[in-house]
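Quick notes on the structure that follows.
Quick note on labels: first sequence line is chain A, next is B, and so on, each numbered from 1.
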Amino acid sequence: MTNYDQIMKLALEKGFYFPSCEIYADAPAGFWEYGPTGLKIKNKLVDLWRKEIVRRDGMLEIDGCQIMSKSVFEASGHLGNFTDPIVKCTGCGSTFRADRLVSESIGKDIPERTPNDDLDAIIGRNNIRCPSCKGQFGRTTRFNMMFKVEIGPSAEMAFLRPETCQTIFVDFPRVYKTMRGKLPLGVAQLGKSFRNEIAPRQSLLRLREFYQAEVEVFCNPHRLNDLPRFEEVTDTLLRISKDGASTQEVTAGDALSRGILPNKLVAYYLALLNDFYGKTGIDMHRIRFRQLGDEERAFYASIAFDFEVETSIGWLELVACNYRSDHDLKGHSMVSKENLEVIDPSDQSKVLPHVFELSMGIDRSIYAILEHSYFEDFEHDDRVVLKLQPYLAPVLVGILPLVNKDGLSERSQMIYSDLKREFDSYYDDSGSIGRRYRRLEQIGVPFAITVDKVTLQDDSVTVRQRDTMKQERIKVNDLKKYLRESLQNR
RNA sequence: GCGACAGUCGUCCAGUUUGGUCUAGGACAUCAGAUUGCCAAUCUGGUAACCCGGGUUCAAAUCCCGGCUGUCGCACCA
């Protein structure tokens, strides 16, 4: 069974990803960098997302700023809701969520928004003590998960965005107008988000600075079942869990008719997401769309499904699929005093669009793909093979001279020069041929071209397949065609 | 954020109990040369580390204090 430690070891040994600022002792936790190989995987995953979700659905992609003004987060609700009331024990220093502590102690629900003073009063009145050491609590404070930044000499308050989508919302009016948008319209963005996690952990899985690929689908709430392109996905099989315990496998069409999913729009985009992950190499028997209950949903979501993948450390949330209704556009409309309504051309009505989002965690997805692709071949010397899809592999093909004499290196270099612009290629003549095959397999290179003496006679090379170790002879002139075909994913 | 444990070449580990022989050792990986020639070959040589700061001491990888990081548990996860 592949586990987190094996992936971590491979990542460090091969430089897929590693701690940020690692040569300094004061490097903070929760920040990780992608090395050359990891970056290539990341870029290719994003390319696949663009192809299978953004382009497939005709979405518009933007690239927005990471620092945004205070007003944005007043409107989005993050200033009010993205904070936790916390109390610290004066004895042992343990920190607790004040609202939860109070709820548990007095057996009554306490809203998160309860003012600090009220929380302090309840704690005092009921003489609530620290569960760990029975010590006294200090005063309630608010912990905001957003990173605050100061702009210019006057230190104007702004924030690093805690989710990329707020850029999409504030840009929506101009994008909709200038791009002649029609509802439903998906607007997509790849970018970084920042959250001041209390306890970042497990490398790529809980970061303070991380990549999101988000899609916000703007739609007319009265026409959620008016979606002709739903027909494309009627038969797509979805694994859906309503309770987190049992999972049922149903087609998108059935899920709709049986009321498992609320409308065509939601069903269609979940299916799109499902198709996309099916092509990443993740084991689709170990995934599920889990519907979130009332307590689990984010403050802006009225319907929420998490796309989760089973890994060695349990179910891992890769994508949050939230029906945000008009929470965001209404908020931005009120705070900015801009009218964000648009005309739905299908019936010429004026609507404030609702939003359904697919908020994908890129870093976690990369981890899940690595773990599901990691393979130890016990029949062949316990070789480690990363069975990445060719279109996600950091390098598509290695070019290796069988030996470093008789002009084989020179011939190999020529082939490498010819291929490297179109394909991610890697030339290697160091060590035995077997060693070089193994090196390539570990980073998921699907093909190895070996140049031998026969090449000099008839211009053919052997192409070795990573997973089967089988080799076939191919004419040098046919290599590009062969490699191009390998990159097709349907 | 709290608690427990830990931190030595790229990776894994030895050395810390009992401070001195550690000028820090090995394996794998990597680099160079030779030999070989289709699945981690062999030989020779090389590169490369005591998390950071302070303290104790004649002497610190080793003991003490603080910080940082990691793992696990609790809490958190918009």
Sequence neighbours excluded, which residues qualify as salt bridge (charged side-chain N to carboxylate O under 4.0 Å, His left out) partners of [X]?
| X | value |
| --- | --- |
| A:E379 | none |
| A:E13 | A:K9 |
| A:R383 | A:D377, A:E441 |

Item checked: Protein-to-nucleotide contact annotation, 5' to 3' order, nucleotides 34-46 of chain B [B base; S sugar-phosphate only; - none; under 4.0 Å, heavy atom] -> ---BBBBB-----

Check: Along nucleotides 68-75 of chain B, 5' to 3', which nucleotides get a B, which get an S, and which get a -, given that the test is a protein heavy-atom distance under 4.0 Å?
Finding: SSSSBBBB

In whole angstrom, give me the gap between the [atom1] atoms of [N] and [M].
| N | M | atom1 | answer |
| --- | --- | --- | --- |
| B:G25 | B:G33 | C1' | 26 Å |
| B:A40 | B:U30 | P | 13 Å |
| B:U18 | B:G70 | C1' | 29 Å |
| B:C76 | B:C39 | C1' | 49 Å |
| B:G1 | B:U17 | P | 32 Å |
| B:G66 | B:U71 | P | 22 Å |
| B:C64 | B:U56 | C1' | 7 Å |
| B:U11 | B:U16 | P | 23 Å |

With sequence neighbours excluded, what pairs up with [X] under the ring pair (Phe, Tyr, Trp, His ring centres under 6.0 Å) test?
| X | result |
| --- | --- |
| A:F218 | A:F172 |
| A:F169 | none |
| A:Y482 | A:F447 |

Next item on the list: Please report the closest heavy-atom contact between A:V395 and A:D424, naming both atoms and the distance.
Entry: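 Heavy-atom minimum between the residues: CG1-O, 3.4 Å.
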
Nucleotide forming a Watson-Crick or wobble pair with [N], both distances under 3.5 Å:
| N | value |
| --- | --- |
| B:C72 | B:G3 |
| B:C12 | B:G26 |
| B:U21 | none |
| B:C63 | B:G55 |
| B:U42 | B:A34 |

Check nucleotides 61-66 of chain B against the protein and report each pair of N or O atoms closer than 3.5 Å, with its distance, or say if there are none.
none

Check: Are A:Y426 and A:Y416 near enough that their ring centres are under 6.0 Å apart?
Finding: no

Next item on the list: Please find out if less than 6.0 Å separates the ring center of A:F289 from that of A:F307.
Entry: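 Yes - the distance between ring centres of A:F289 and A:F307 falls below the 6.0 Å cut-off.
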
Round to the nearest Å and state the distance from [X] atom [atom1] to [N] atom [atom2].
| X | N | atom1 | atom2 | answer |
| --- | --- | --- | --- | --- |
| A:K14 | B:C28 | NZ | P | 15 Å |
| A:F18 | B:C9 | CZ | P | 16 Å |
| A:E22 | B:U11 | CD | P | 8 Å |

Margin query: Test of understanding: with side chain to side chain contact (heavy atoms under 4.5 Å, CB included), list the residues that count as partners of A:V384, not counting sequence neighbours.
Written below: A:Y374, A:E376, A:Q442

Checklist line | Partners passing side chain to side chain contact (heavy atoms under 4.5 Å, CB included) against A:K475 (at least two apart in sequence or in another chain) | finding: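 With neighbours one apart ignored, the set is A:D458, A:S460, A:D478.
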
Notebook entry, point to check: For residues 457-477 of chain A, which residue pairs qualify under ring pair (Phe, Tyr, Trp, His ring centres under 6.0 Å), counting only residues two or more places apart or in two chains?
Noted result: none

